[in-house]
Every structure is written in C-alpha cells, then in structure tokens.
Amino acid sequence: MLEQLSAEDAKLVTLARQARARINAIEGAAVRDSDGRSYAAAAVTLPSMTLSALQLAVASAVSAGAARLEAAAVVTEASTIDDPGLAAVRDLAATAPVHLAAPDGALVGTIVN
C-alpha cells in the first residue's frame, strides 16, 4: 500500500487518484518537479487526440517551467505504464521512480530506469 512509499510519493498517488476520480477517467497521473511542485492530470481522449494521464502531467509540468522531474505516479486498472508516458518522464529524468498503483491506491510496482 501507500505506506511502502515516501510521504511525497504517496502524495503523488493520492493526487493521481483524485485526478482520475474527478472525471471518472481510465487513468490518473501526477509528477513532482525538482522544485517540489506537483502536477496531476487524467487521461484525455478526443476525436483529434489522445493523451495518457502521464503524458499530460509531464506536459503540465513542462509548461509551468519544470526542467527536471523527481518522481511520478500513475493510477490505473492496467498492469503496465504506457510507453509514451514513460518516455515523457524519461525526457526529464533518466532514473526518477515511476510508481504504478491500482485504483484503490495499492502499489503495484515501481519503474526506476
């Protein structure tokens, strides 16, 4: 569960869960930048584009001026993190932990590199 994570990383899972629940999305994600600011997002599917929650959270961080990420979390029913979302995190941090959690907040796993 969340007690396996640091308090800051557990907060990312909570923010991702809230983003997901807010619009009843398939997934939610949150990232923390090197200044300690957090950005949360839900997956977006429109006729003209599809963005995973993690891609959108990273894009929000970058648009706010973040140059580096410390950690990320994705809350989803899926058993893996989407490759484009993970690639977006890796664009800003080669080894930042990316936590995968179930909708109830239970930690499924962590990708470090």
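Worth knowing before you read on, the calculation uses all heavy atoms, side chains too, and leaves out hydrogens, waters and symmetry mates. The first residue of the sequence shown is numbered 1, and numbering continues consecutively from there.
- Under the side chain to side chain contact (heavy atoms under 4.5 Å, CB included) criterion, A30 pairs with L12, L15, A16, A40, sequence neighbours left out.
- Residues V31, Y39, L54, V58, V62, L69, V74, I81, L86, V89, L92, V98, V108, I111 make up the rest of the hydrophobic cluster containing L100, defined by ILVMFWY side-chain heavy atoms closer than 4.5 Å, directly or through other members.
- Minimum heavy-atom separation, R20 to I26: NE-O, 3.1 Å.
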If you look only at distance, which donor and acceptor atoms sit under 3.5 Å apart when one is on a side chain in residues 42-53 and the other is two or more places apart or in another chain?
unit_1: S52; atom_1: OG; unit_2: Q55; atom_2: N; d: 3.1
unit_1: S52; atom_1: OG; unit_2: Q55; atom_2: OE1; d: 3.4
unit_1: S52; atom_1: OG; unit_2: D82; atom_2: OD1; d: 3.4
unit_1: S52; atom_1: OG; unit_2: D82; atom_2: OD2; d: 3.0

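- Residues E27 and V75 form no side-chain contact, since every pair of their non-hydrogen atoms from C-beta on lies 4.5 Å or further apart.
- In terms of heavy atoms, T110 sits closest to P97 at CG2-CB, 3.8 Å.
- Take R68 and apply the side chain to side chain contact (heavy atoms under 4.5 Å, CB included) test, not counting sequence neighbours, and it matches S34, E70.
- Taking D35 as the reference, D33, R37 meet the side chain to side chain contact (heavy atoms under 4.5 Å, CB included) condition, with sequence neighbours excluded.
- When every heavy atom of H99 is checked against every heavy atom of L107, the shortest pair comes out as CB-CD1, 3.9 Å.
- Taking a 4.5 Å side-chain heavy-atom cut-off between Ile, Leu, Val, Met, Phe, Trp and Tyr, the cluster of V112 contains only that residue.
- Between D104 and R17, none of the side-chain N atoms (NZ, or NE/NH1/NH2) sits under 4.0 Å from a carboxylate O, so this pair counts as no salt bridge.
- Listed here is the closest heavy atom pair of A19 and A41: CB-O, 3.5 Å.
- Inter-residue side-chain proximity for D9 and R32 is flagged as met; some heavy-atom pair is nearer than 4.5 Å.
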